[in-house]
Amino acid sequence: MDRCTWETRQMLQRILAGWFELAPVLPELEQHLAETTGYPVQVQPRPLSVSAARIAKFLAEDHRQPAAAIGHLHDWLVGVHGNQLRGDWVSFLALVQNAPGLAVDQRAELVAIADVLCFPPVPPLRTDGRRLVEMATHARVIGSPALLLEELTLKEPQLAQHAREAAERVRTGPPPLDRQEERGPEPHGRPLVRAAAGLALLAAAGLAAVLLWPGGPSPLPARSTVWSGATVGPGRTSTAEVDVPPGAARLKARLLLSDVNPDSGSCTELTARLGIDQHDSSDWRPPGAEVSLPVPAGLTRLHLTLELSETPGCTQKVDIQRVEFTR
């Protein structure tokens, strides 16, 4: 799998997983993709996060013409949900696949930068979302990721730094590796060999854990969070995605929020809750409280939702920068 395909798949999955209005119409979307792209419709209904991963993989990676396949998805999104900013980014992903004059690594850089612009880790100060799409589109047309970075540096220096790091990751990072379940069947006998090797590695890892951490197994790494909105209003939600470290059984987070208008004094009754899309949510708790959620079995990536109670005038800045996991 080339780098552009990988970056496209990741960004497309992120867009679809956060588009909650798609959940009720997933059967219609899958049927449309089956008719236009040959997408294999799922027999049993699945959560939005699972369907998003499956659709993104098929359109970006498995389809022979990803530009056309993603284009069919965009047309359906516009027809059902109208022109939306996230739909514009889907269109960008379709068009960048066959962008003339761009090598594969340049297209990969553009997609990586676009992912930063679509899900900004810091709020843009002088540029709205529509303008960011226009800047990325212009860079695609003229074939210059470098020019996009230069324009961002002039208009959004902080965002430009994150975009530059994303482009550098594409240029110098290791090539993406397929997961085992994404590969075809192996020749007879090889699964047994791999299983034996895996058991040996696990045994060695277990021994190392005992030697290095005599008090028990190593702690699981925390994951940083990038929220879809830097601020969230009453009754509204902000979303983030995190990878699940192997062995994780529970997620822990502190509801760190700060009042956008602290002088109003009207937010003493505010509560919030954290949830995992299509799974459990915490109880409503005051800002600053710690919440814990079970990690659904079999998931390697969680789509988190942070929801505020209906407390008028209590728009909050989301200060949750990471979540922790326990075994």
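Atom CG of Leu304 is separated from atom CD1 of Ile320 by 9.0 Å, given to the nearest 0.5 angstrom. Of the inter-residue distances, the one linking Met135 atom CE with Lys155 atom NZ reads 5.5 Å to the nearest 0.5 angstrom. Glu241 contributes atom CD, which lies 11.0 Å from atom CH2 of Trp227 (distance to the nearest 0.5 angstrom). Separating the CG atom in Leu110 from the CG atom in Leu149 is a distance of 8.5 Å, to the nearest 0.5 Å. The distance from the CD atom of Glu307 to the OG atom of Ser238 is 11.5 Å, given to the nearest 0.5 Å. Between the CZ atom of Arg273 and the CG atom of Leu306 there is a distance of 10.5 Å, given to the nearest 0.5 Å.
In this structure, Ala248 and Phe325 approach most closely via the heavy-atom pair CB-CD2, 3.7 Å. Counting all heavy atoms, side chain and backbone alike, Glu30 lies closest to Gln42 at OE2-NE2, 2.7 Å. When every heavy atom of Val41 is checked against every heavy atom of Arg54, the shortest pair comes out as C-NH1, 4.1 Å. Minimum interatomic distance between Ala60 and Pro66 (heavy atoms only, all atoms of both residues): O-CB, 3.9 Å. Shortest non-hydrogen contact noted between Leu159 and Pro121 is CD1-CD, 4.0 Å. Taking each heavy atom of Val116 and Ala166 in turn, the nearest pair found is CG2-CB, 3.8 Å.
Side-chain contact between Leu302 and His279 is absent, with no heavy atoms from C-beta onward closer than 4.5 Å. The side-chain heavy atoms of Pro245 and Arg223, taken from C-beta on, include a pair separated by under 4.5 Å. Proximity of Glu151 to Leu154: side-chain heavy atoms (C-beta onward) are nowhere separated by under 4.5 Å. Side-chain contact check for Arg169 versus Glu7: some heavy-atom pair is nearer than 4.5 Å. Considering only heavy atoms from C-beta on, Glu28 stays 4.5 Å or farther from His32 through its side chain. Val318 has its side chain out of reach of Thr225: every pair of non-hydrogen atoms, C-beta onward, lies at least 4.5 Å apart. Using a 4.5 Å cut-off on side-chain heavy atoms (C-beta onward), Leu16 and Leu73 make contact. Taking 4.5 Å as the limit, some side-chain heavy atom of Glu168 sits within range of a side-chain heavy atom of Arg171.
The neighbour count for Glu290 CD, taken as heavy atoms of other residues, nucleotides or ligands under 6.0 Å away, is above 12. Summarising the local packing, CD of Gln321 is surrounded by 12 or fewer heavy atoms from other residues, nucleotides or ligands at distances under 6.0 Å.
Leu274 and Leu220 fall within the same hydrophobic cluster, where Ile, Leu, Val, Met, Phe, Trp and Tyr residues are linked whenever their side-chain heavy atoms come under 4.5 Å apart, directly or through other members. Residues Ile55 and Val50 fall into different hydrophobic clusters, defined by Ile, Leu, Val, Met, Phe, Trp and Tyr side chains chained together at heavy-atom separations under 4.5 Å. Cluster annotation: Ile113 is not connected to Val170 through the hydrophobic network of ILVMFWY side chains, with a link wherever side-chain heavy atoms come within less than 4.5 Å. Under a hydrophobic clustering in which Ile, Leu, Val, Met, Phe, Trp and Tyr are joined whenever their side-chain heavy atoms come within less than 4.5 Å, directly or via other members, Val323 and Leu256 fall into the same cluster. Clustering ILVMFWY residues whenever any of their side-chain heavy atoms sit less than 4.5 angstrom apart, transitively, puts Leu59 in the very cluster that holds Leu22.
Put simply, the side chain of Arg9 never gets that close to the backbone of Ala56: no donor and acceptor are under 3.5 Å apart. Not a single donor-acceptor pair under 3.5 Å links the side chain of Arg327 to the backbone N or O of Gly247. Between the Ser309 side chain and the Thr271 main chain, a donor and an acceptor come within less than 3.5 Å of each other. With hydrogens and angles disregarded, a donor-acceptor distance shorter than 3.5 Å links the side chain of His63 to the backbone of Thr37. Judged by distance alone, with hydrogens and angles left aside, the side-chain atoms of Thr311 form no donor-acceptor pair with the main-chain N or O of Cys314 at under 3.5 Å. Glu61 places no side-chain N or O within donor-acceptor distance of the main-chain N or O of Trp6, the cut-off being under 3.5 Å.
If you check the side chains of Arg250 and Ser292, you find a donor sitting under 3.5 Å from an acceptor. With no hydrogens or angles considered, no side-chain donor-acceptor pair links Thr231 and Thr315 at under 3.5 Å.
Considering Asp75, Ile15, Val78 as possible partners of Val90, the one that fulfils the side chain to side chain contact (heavy atoms under 4.5 Å, CB included) test is Ile15.
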Item to complete: Would you sort out whether Trp19 and Leu77 count as a side chain to side chain contact (heavy atoms under 4.5 Å, CB included), showing the intermediate values?
Response: CA-CA 10 Å; Trp19 201 323; Leu77 292 172; 3.7 Å; yes
Practice prompt. Verify side chain to side chain donor-acceptor pair (under 3.5 Å) between Ser228 and Thr239, making sure each step is shown before the conclusion.
Written response: CA-CA 5 Å; Ser228 60; Thr239 63; 3.1 Å; yes
Discussion item. Set out, in order, the CA-CA distance, both residues' side-chain angles and the distance that settles side chain to side chain contact (heavy atoms under 4.5 Å, CB included) for Asp115 and Trp89, then state yes or no.
Written reply: CA-CA 9 Å; Asp115 186 74; Trp89 284 116; over 6 Å; no
Worksheet entry | CA sep, side-chain torsions, deciding dist, call: Glu156, Leu125, side chain to side chain contact (heavy atoms under 4.5 Å, CB included) | CA-CA 7 Å; Glu156 298 289 346; Leu125 300 178; 3.9 Å; yes
Discussion item. Does Val244 form a side chain to side chain contact (heavy atoms under 4.5 Å, CB included) with Arg301? I'd like the steps, not just the answer.
Written reply: CA-CA 5 Å; Val244 179; Arg301 191 169 180 82; 5.7 Å; no
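Contact check on Glu21 versus Arg86 returns a salt bridge, with a Lys/Arg side-chain nitrogen under 4.0 Å from an Asp/Glu carboxylate oxygen.
For His303 and Phe20, the ring centers are positioned less than 6.0 Å apart.
Using bins of under 30°, 30° to 60° and over 60° for the plane-to-plane angle, the ring pair Trp76/His81 lands in the perpendicular bin.
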Which atom pairs, donor and acceptor, lie under 3.5 Å between side-chain atoms of residues 91-106 and protein residues at least two apart or in another chain?
{"residue": "Gln97", "atom": "NE2", "partner": "Thr8", "partner atom": "OG1", "Å": "2.9"}
{"residue": "Gln97", "atom": "NE2", "partner": "Leu93", "partner atom": "O", "Å": "2.8"}
{"residue": "Gln106", "atom": "OE1", "partner": "Ala103", "partner atom": "N", "Å": "3.0"}

